[in-house]
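Reading through the structure tokens given below for one structure.
Treat the numbers as computed from the prediction; the structure is a model and nothing was measured.
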Amino acid sequence: MLGLMHVQIKNWQNEFVIVPAVYNEWLVEVKEGDRRDPPEADAFTRQRLHPHQHNHPDPAHDDKAMKWHFPSWTRDHAVYMYQRLSEDHPCFSPNHAHEGGIYLQFVVDHVPDNLPAYVLFAQADWFRDAESRRDRHRPLLWQEECLRRRVNIDGSINEQNKADIWVPLGQTFGIFPPKFKKRSVSLWAGGRRDPATVVVVEQCWRDMLREFNATMFPPKKQPCIHFYPYDNMIVSREQIMKHDPCVWKNAYIKLVSAATCHRSIFDKTVLSTESLNHYLEGSAGQRRGRRGLLGTEAVDLVGNLDDVGTYMKHAASGTLEHLNHVIWGGKPPHMDGVDFATVYDHECMCNLNSEGLCHSADSLAVVQHVDADSDCDGHKFSDAL
């Protein structure tokens, strides 16, 4: 699957590419009932979406092209986009894992030899106020400018600043530094959720840690993490390539193309006692007569759930968001905060930050305050796979 390259670029290997996870936010023509007013944009940004092989659109697909209204700030940036609305139209990526599916799609389309130097992955909402905050005398994305200073002409990272970059962006364009939270999988046992949700989510978390050869949650203990929410980030080519292309492709198949994170019975030897008890204690009415997901008969897990979309929203996209720092950043689940002053270069960040925010290096230290929205105290992690 190939997406749209919105502007011409000279050297893909040396580029900072923006991959927005757009649904219908920038769409000009959508089905009635799904219509949204497109953001302000000028005539330059009115385009049709074509299949793309680095700026070579295929005119044969013009009759199938959707009309998109690109925000005018995109004229100054390399923007690479997929659409999730129709598999009958070009540049399609399945909407099974929401924004996380777009990110995986881009990686599997470009590994191992065609990744740009840096990729900014973000939901469309992250850019919502970008145009209104734009300063013509400064780069729109100070993060891009500060990271570009690390890149040599040939696309390699400057030796004096050599680093494998993963940096979270937080909820919106204008918020820095991003929020840092702790969360337990027990969140999915609350409210009116089906009792199966928490075990579906926990099993998917454990499966993806194994897939990416990461630090594992201890068996029988309910997983808990420190993480940056919202699934928006910048990541370098070197960081992506720490995982073999087959690992990325396997994750894409499970979470996006097949839309089933776990295709067999749950692993009762590792799932937490709390999650299993919550599922087993659910009323028969809540389980609605489904075949037992903990039984001895092998079943297609998602295929036998009544609300596939609901489960996969939490199991696939939720896993990619909550384990973003593990999958993309190579961090342990219970990570310390990111030292942003080191990642961006503090002087550059102070000079170019479009919000005029110049935090002291001390305020951006590695160990940051964690907003507690669930209890993670006392959790320990194991390196065993």
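Using a 4.5 Å cut-off on side-chain heavy atoms (C-beta onward), Leu209 and Arg206 make no contact. Here the side chains of Ile102 and Arg84 are in contact, with some heavy-atom distance below 4.5 Å. Taking 4.5 Å as the limit, some side-chain heavy atom of Asn250 sits within range of a side-chain heavy atom of Glu211. Met216 places none of its side-chain heavy atoms less than 4.5 Å from the side chain of Val270. Between Ile225 and Trp205, the closest side-chain pair of non-hydrogen atoms falls below 4.5 Å. Within the 4.5 Å cutoff, side-chain heavy atoms of Trp73 are placed close to those of Phe127. Side-chain atoms of Leu104 and Leu320, non-hydrogen and from C-beta on, do get closer than 4.5 Å to each other. Residues Lys254 and Met208 have side chains in contact (heavy-atom distance under 4.5 Å, counting atoms from C-beta outward).
Side chain of His98 to main chain of Ser317: no donor-acceptor pair is present (N/O by atom type, distance under 3.5 Å, no hydrogens or angles). A donor-acceptor pair under 3.5 Å links the side-chain atoms of Glu321 to the main chain of Tyr230, judged by distance alone. Using a distance-only test at 3.5 Å, with no hydrogens or angles considered, a donor-acceptor pair links the side chain of Asn232 to the main chain of Gly170. Using modelled atom types, one side-chain atom of His243 and one backbone atom of Ile327 make a donor-acceptor pair closer than 3.5 Å. Checking side-chain atoms of His278 against main-chain N and O of Val198 turns up no donor-acceptor pair under 3.5 Å. Between the side chain of Thr319 and the backbone N or O of Ala315, at least one donor-acceptor pair lies under 3.5 Å. At distances below 3.5 Å, at least one donor-acceptor pair connects side-chain atoms of His322 with backbone N or O atoms of Gly318. Using a distance-only test at 3.5 Å, with no hydrogens or angles considered, a donor-acceptor pair links the side chain of Gln83 to the main chain of Ser86. Proximity of a side-chain donor or acceptor of Glu25 to a complementary backbone N or O of Gln123 within less than 3.5 Å is not detected. Between the side chain of Gln203 and the main chain of Asp267, a donor-acceptor pair closer than 3.5 Å is present.
Using the six-membered ring where Trp is involved, Trp328 and Trp248 have ring planes that are tilted, between 30° and 60° apart. Between Phe121 and Phe106, the ring planes lie perpendicular to each other; the angle is over 60°, past the 30° to 60° tilted range.
In this structure, Asp164 pairs ionically with Lys242, as a charged nitrogen and a carboxylate oxygen lie closer than 4.0 Å.
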Between Leu27 and Leu85, is a side-chain contact (heavy atoms from CB on, under 4.5 Å) present by the stated rule, with each step listed? CA-CA 10 Å; Leu27 189 65; Leu85 295 173; 3.3 Å; yes

* Check the pair Lys220, Ser272 against side-chain contact (heavy atoms from CB on, under 4.5 Å), reporting the backbone distance first and the verdict last. => CA-CA 4 Å; Lys220 308 303 290 183; Ser272 65; 5.9 Å; no

Assess the residue pair Cys224 and Val185 against the criterion (side-chain contact (heavy atoms from CB on, under 4.5 Å)); give the C-alpha distance rounded to whole Å, side-chain angles, the decisive distance to 0.1 Å, and a yes or no. CA-CA 6 Å; Cys224 187; Val185 76; over 6 Å; no

| Do Tyr80 and His110 pass the side-chain contact (heavy atoms from CB on, under 4.5 Å) test, and can you show the C-alpha distance, the side-chain angles, and the key distance before you say yes or no? | CA-CA 12 Å; Tyr80 193 100; His110 294 88; 3.5 Å; yes

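Outside the 6.0 Å centre-distance limit, the rings of Phe92 and Tyr82 are not counted as a close aromatic pair. The six-membered or imidazole ring of Phe180 lies away from that of Phe227, with a centre-to-centre distance of 6.0 Å or more.
The minimum heavy-atom distance linking Pro178 with Pro168 is given by the pair CG-O, 3.8 Å. Among all heavy-atom pairs drawn from Tyr252 and Pro94, the shortest one is OH-CD, 3.8 Å. The two atoms that bring Gly329 and Trp166 nearest to each other are CA-CG, 3.4 Å, heavy atoms only. Considering all non-hydrogen atoms of both residues, Gln239 and Gly330 come closest at NE2-N, 3.8 Å. When all heavy atoms of Glu15 and Ala78 are compared, the pair lying nearest together is CG-CB, 3.8 Å. The two residues Arg237 and Leu115 make their nearest non-hydrogen contact at NH1-O, 3.0 Å.
Atoms CG and CD, from Leu187 and Gln222 in turn, are 10.0 Å apart once rounded to the nearest 0.5 Å. Atoms CG and CG, from Leu271 and Leu276 in turn, are 5.0 Å apart once rounded to the nearest 0.5 Å. Of the inter-residue distances, the one linking Lys268 atom NZ with Thr273 atom OG1 reads 12.5 Å to the nearest 0.5 angstrom. Distance check, rounded to the nearest 0.5 Å: CH2 of Trp126 to CZ of Phe173 gives 6.0 Å. Taken to the nearest 0.5 Å, the CD atom of Glu99 stands 9.0 Å off from the CE atom of Met233. Residue Glu87 holds its CD atom at 11.5 Å from OG of Ser93, rounded to the nearest 0.5 Å.
Under the 3.5 Å distance criterion, with hydrogens and angles disregarded, no donor-acceptor pair is assigned to the side chains of Ser186 and Glu274.
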